[in-house]
Amino acid sequence: MNVKIEESWKNALAAEFDKDYFIKLTDFVRAEYMSGRPVFPAPKNIFAAFDLCPLDDVKVVIIGQDPYHEPGQAHGLCFSVLPPTPVPPSLVNIYKEIESDLGRKSVTNGELTHWARQGVLLLNATLTVRAHAAASHTGRGWEQFTDAVIRAVSARDNIVYMLWGSYAQRKAEFVDANKNLILKSVHPSPLSAHRGFFGNHHFSRANEYLIAHGKTPIEW
């Protein structure tokens, strides 16, 4: 199957594209977009996280669960929204932790493409969603595909994995903790951030690790 995705990812994930689950997933997603009901993100942005961050450039992996499901939000990067969409609550808390951790403010809008271009893979476990229906495309095959993505990244060493919340932390089973940095905390959601996200120092710890392994730190 000819999937329109950045070339290094296309090569690394080639075996997935011809598997039965991915063919069924593609048929399902295509039918959803053709149904007349809004589905997010726009088709051109389904693989935006990969297009902006080639496999060889990955330094940090952040895992979300589901794309935003309201209009004007999802554009293919977990936690990210395009201006003028207001910054979502979880991202507000991420910015608060960056300010506390690094002693400076992050950007004032919700767009995180500048992270992706520096080597931060902003990966949702499920890459599409029906409007107003959280998790509506869960269990259709995306999770199997993004597990394969994590395995492809884990073939490389000295990557930082920021795993926020129990859902993201399950992806750690694919990662060798002896050759990478795995950072875990509760999710930055307002429901949980005060139980251990604030004060986790993940952003400074990530940059310290990257510098120690000869890599350019991220400008968060």
Asker: Return yes if some donor-acceptor pair links the side-chain N/O of Ser80 with the main-chain N/O of Gly110 below 3.5 Å, else return no.
Answerer: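 Here the side-chain-to-backbone pair exists.
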Asker: With ring centroids as reference points, do Phe40 and Tyr68 lie under 6.0 angstrom apart?
Answerer: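 Here the rings of Tyr68 and Phe40 have centres that are no less than 6.0 Å from each other.
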Asker: Taking the six-membered ring for Trp, are His213 and Tyr209 parallel (under 30°), tilted (30 to 60°) or perpendicular (over 60°)?
Answerer: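 Judged by the thresholds at 30° and 60°, the geometry between His213 and Tyr209 is tilted.
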Asker: Show the nearest heavy-atom pair for residues Ala74 and Pro67, with the distance to one decimal.
Answerer: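 Looks like CB-CB, 4.0 Å.
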Asker: Keeping the roles fixed (side chain from Asp18, backbone from Ala15), state whether a donor-acceptor pair exists under 3.5 Å.
Answerer: no
Asker: For the pair Ser100 (side chain) and Lys96 (backbone), establish whether a donor and an acceptor sit closer than 3.5 Å, ignoring hydrogens and angles.
Answerer: no
Asker: According to a 4.5 Å side-chain heavy-atom criterion applied to Ile, Leu, Val, Met, Phe, Trp and Tyr, with indirect links allowed, do Ile150 and Phe79 form part of one hydrophobic cluster?
Answerer: no
Asker: Is any side-chain heavy atom of Gln169 closer than 4.5 Å to a side-chain heavy atom of Ile182?
Answerer: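 A side-chain contact is absent here, since even the closest heavy-atom pair is not under 4.5 Å.
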Asker: Might you point out which heavy atoms bring Asn158 and Asn180 nearest each other, and give the distance in Å?
Answerer: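 It is N-OD1, 3.2 Å.
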Asker: Please report the shortest heavy-atom distance between Ala206 and Trp220, naming the atom on each side.
Answerer: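 Smallest interatomic distance, heavy atoms only, reads CB-CZ2, 4.3 Å.
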Asker: Checking side chain to side chain contact (heavy atoms under 4.5 Å, CB included) for the pair Lys105/Ile98: CA distance, chi angles, key distance, verdict?
Answerer: CA-CA 7 Å; Lys105 288 187 178 294; Ile98 289 173; over 6 Å; no
Asker: When rounded to the nearest 0.5 angstrom, what distance separates OG1 in Thr126 from CZ in Phe145?
Answerer: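 Atom-to-atom, Thr126:OG1 and Phe145:CZ are 12.0 Å apart.
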Asker: I'd like to know if the side chain of Asn109 reaches the main chain of Pro84, judged simply by a donor and an acceptor atom lying under 3.5 Å from each other, with no hydrogens or angles considered.
Answerer: no
Asker: Would the distance check show the side chain of Asn93 and the main-chain N or O of Ala193 forming a donor-acceptor pair, the cut-off being under 3.5 Å?
Answerer: no
Asker: Report the C-alpha distance between Asp51 and Lys4 in whole Å, list the side-chain angles of each, state the deciding distance to 0.1 Å, and finish with yes or no for salt bridge (charged side-chain N to carboxylate O under 4.0 Å, His left out).
Answerer: CA-CA 9 Å; Asp51 297 335; Lys4 293 181 179 179; over 6 Å; no
Asker: State whether a side-chain donor-acceptor pair under 3.5 Å links Ser136 with His69.
Answerer: no
Asker: State which residue, out of Ile159, Val60, Val160, fulfils the side chain to side chain contact (heavy atoms under 4.5 Å, CB included) condition with Lys215.
Answerer: Ile159
Asker: Does the side chain of Asn2 come under 3.5 Å of the side chain of Lys10 through a donor N or O and an acceptor N or O?
Answerer: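 The criterion, which ignores hydrogens and geometry beyond distance, is satisfied for Lys10 and Asn2.
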Asker: Indicate yes or no for a side-chain donor-acceptor contact from Thr85 to the backbone of Val81 under 3.5 Å, with no hydrogens or angles considered.
Answerer: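 A pair under 3.5 Å: no.
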Asker: With a cut-off of 6.0 Å (strictly less than), are more than 12 heavy atoms of other residues, nucleotides or ligands near CZ of Arg151?
Answerer: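 Above 12, so yes.
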Asker: As an exercise, state the distance from CG of Asn11 to CD of Glu7, rounded to the nearest 0.5 Å.
Answerer: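 Reported to 0.5 Å precision, the distance equals 5.0 Å.
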Asker: What I want to find out is whether Glu16 reaches Lys19 closely enough, with some N-O distance under 4.0 Å, to be called a salt bridge.
Answerer: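 Salt bridge present between Glu16 and Lys19.
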Asker: So how far is it from Leu25 CG to Gln144 CD, rounded to the nearest 0.5 Å?
Answerer: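 Answer rounded to 0.5 Å: 9.5 Å.
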Asker: Quick check on side chain to side chain contact (heavy atoms under 4.5 Å, CB included): which of Val120, Leu121, Leu183 does Ile62 satisfy it with?
Answerer: Val120
Asker: So, the side chain of Trp9 versus the backbone of Cys53: is there a donor-acceptor pair under 3.5 Å, distance only?
Answerer: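 Checking the backbone N and O of Cys53 against the side chain of Trp9, a donor-acceptor pair under 3.5 Å is found.
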Asker: Take Phe47 and His75, measure what ring pair (Phe, Tyr, Trp, His ring centres under 6.0 Å) needs, and give me the verdict at the end.
Answerer: CA-CA 9 Å; Phe47 295 114; His75 68 107; over 10 Å; no
Asker: State, to 0.1 Å, how close Trp164 and His187 come at their nearest heavy-atom pair, and which atoms those are.
Answerer: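 For Trp164 and His187, the tightest heavy-atom pair comes out as O-CD2, 3.6 Å.
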Asker: If only side-chain N and O atoms count, and only distance matters, is there a donor-acceptor pair under 3.5 Å linking Glu97 with His202?
Answerer: no
Asker: Taking the inter-plane angle between the rings of Phe22 and Trp142 on a 0 to 90° scale, is it parallel (under 30°), tilted (30 to 60°) or perpendicular (over 60°)?
Answerer: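 Perpendicular.
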Asker: Is it the case that the side chain of Gln118 and the backbone of His114 share a donor-acceptor pair, with hydrogens and angles ignored and the cut-off at 3.5 Å?
Answerer: yes
Asker: Is the shortest distance from a Lys or Arg side-chain nitrogen in Arg130 or Glu32 to a carboxylate oxygen in the other one below 4.0 Å?
Answerer: yes
Asker: Could you check whether any side-chain heavy atom of Val149 comes within less than 4.5 Å of a side-chain heavy atom of Val61, counting everything from C-beta outward?
Answerer: no
Asker: Do Leu102 and Trp115 belong together in a cluster built from hydrophobic side chains that touch within less than 4.5 Å?
Answerer: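 Linked within one cluster.
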Asker: Is there a path of hydrophobic side-chain contacts, each under 4.5 Å between heavy atoms, that joins Leu77 and Ile63?
Answerer: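 As far as the 4.5 Å side-chain criterion goes, Ile63 and Leu77 are not connected within one cluster.
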Asker: Checking side chain to side chain contact (heavy atoms under 4.5 Å, CB included) for the pair Asp157/Asp176: CA distance, chi angles, key distance, verdict?
Answerer: CA-CA 8 Å; Asp157 296 339; Asp176 186 343; over 6 Å; no
Asker: Starting from Leu13, can I reach Val29 by hopping between I/L/V/M/F/W/Y residues whose side chains sit under 4.5 Å apart?
Answerer: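 In one cluster with Val29: Leu13, yes.
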Asker: Verify the distance criterion only: is there a donor paired with an acceptor across the side chains of Thr128 and His137 at less than 3.5 Å?
Answerer: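 Side-chain D/A pair, Thr128 to His137: present.
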Asker: Using a 4.5 Å cut-off on heavy atoms from C-beta on, say whether the side chain of Lys184 contacts that of Asn200.
Answerer: no
Asker: Please give me the minimum heavy-atom distance between Gly141 and Tyr21, naming the atom from each residue.
Answerer: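 So the minimum-distance heavy-atom pair works out to O-CE1, 3.3 Å.
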Asker: Do Thr26 and Met1 have side-chain heavy atoms sitting under 4.5 Å apart?
Answerer: yes
Asker: Would you say Asp101 and His201 are linked by a side-chain donor-acceptor pair, where the criterion is simply a distance under 3.5 Å?
Answerer: yes
Asker: Indicate, with yes or no, if Phe50 and Leu122 share a hydrophobic cluster defined by side-chain heavy-atom contacts under 4.5 Å among Ile, Leu, Val, Met, Phe, Trp and Tyr.
Answerer: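 Different clusters: Leu122 never reaches Phe50 through Ile, Leu, Val, Met, Phe, Trp or Tyr contacts under 4.5 Å.
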Asker: Working to the nearest 0.5 angstrom, can you tell me the gap between Leu181 CG and Met162 CE?
Answerer: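 That separation rounds to 8.5 Å.
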Asker: For the residue pair Pro71 and His132, establish whether any side-chain heavy-atom pair is separated by less than 4.5 Å.
Answerer: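 Of all side-chain heavy-atom pairs linking His132 with Pro71, at least one is under 4.5 Å.
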Asker: Measuring from Ile5:CD1 to Ile46:CD1, what's the distance to the nearest 0.5 Å?
Answerer: 10.5 Å
Asker: Could you please spell out the steps behind the salt bridge (charged side-chain N to carboxylate O under 4.0 Å, His left out) verdict for Lys24 and Asp27?
Answerer: CA-CA 5 Å; Lys24 292 176 182 177; Asp27 290 342; over 6 Å; no
Asker: Is a donor on one side and an acceptor on the other found under 3.5 Å between the side chain of Lys59 and the backbone of Thr216?
Answerer: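 Yes; at least one donor-acceptor contact below 3.5 Å.
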Asker: For the CZ atom of Phe197 and the OG atom of Ser90, what is their distance to the nearest 0.5 Å?
Answerer: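 So the gap between those two atoms works out to 8.5 Å.
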Asker: Would you say Ser8's side chain and Leu55's backbone share a donor-acceptor pair under 3.5 angstrom?
Answerer: yes
Asker: Please give me the minimum heavy-atom distance between Ala172 and Leu163, naming the atom from each residue.
Answerer: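 Closest heavy-atom pair between Ala172 and Leu163: CB-CD1, 3.7 Å.
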